[in-house]
**Student:** 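Have a look at the structure that comes next, please.
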Amino acid sequence: MTAQITLNLPDEVYHQAELLAQQRHRTVSEILVETLENFLLPTAKPVSALSDSEVITQTQLRLQPLQEQRLSELLDRQQSAG
């Protein structure tokens, strides 16, 4: 079963999805669905059982800028405390 939705994506997100779609000879929609599935659906599969595209998607996951900044702050605090 599938549900059809309409999303408003930031230009940067859309362009990244478009670039990835071109590289893989797929549609932007397929890339976005695959990315959401990989992010939202838990997987118990070991990396060796993932498809090439699933592995590539996993390696391209990035933190949001604020999350990245917070992680850096916490790591700096941890290093200075130890």
**Student:** Other hydrophobic cluster members with Leu66, side-chain heavy atoms of Ile/Leu/Val/Met/Phe/Trp/Tyr under 4.5 Å, chained?
**Tutor:** none
**Student:** Tell me every residue that passes salt bridge (Lys or Arg N to Asp or Glu O under 4.0 Å) with Glu68, counting only those two or more places apart in sequence or in another chain.
**Tutor:**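 Glu68 satisfies salt bridge (Lys or Arg N to Asp or Glu O under 4.0 Å) with no other residue.
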**Student:** Could you grab the distance from atom CD1 of Ile31 to atom CG of Leu36, nearest 0.5 Å is fine?
**Tutor:** 11.5 Å
**Student:** When the side chains of residues 16-25 are checked against the rest of the protein, which donor-acceptor pairs come out under 3.5 Å, sequence neighbours left out?
**Tutor:**
unit_1, atom_1, unit_2, atom_2, d
Arg24, NH1, Glu34, OE2, 3.2

**Student:** When clusters are formed from ILVMFWY side-chain contacts under 4.5 Å, directly or step by step, what else is grouped with Ile5?
**Tutor:**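 Under the 4.5 Å side-chain rule, Ile5 groups with Leu7, Leu9, Val13, Tyr14, Val28, Leu32.
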**Student:** For Asp52, does the CG atom have more than 12 heavy-atom neighbours from other residues, nucleotides or ligands under 6.0 Å away?
**Tutor:**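 Atom CG in Asp52 is not crowded, with 12 or fewer foreign heavy atoms closer than 6.0 Å.
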**Student:** Could you work out, with side-chain hydrogen bond (donor to acceptor under 3.5 Å, both in side chains) as the rule, every residue matching Ser51, not counting sequence neighbours?
**Tutor:** Ser53, Glu54
**Student:** Tell me every residue that passes salt bridge (Lys or Arg N to Asp or Glu O under 4.0 Å) with Glu73, counting only those two or more places apart in sequence or in another chain.
**Tutor:** Arg70
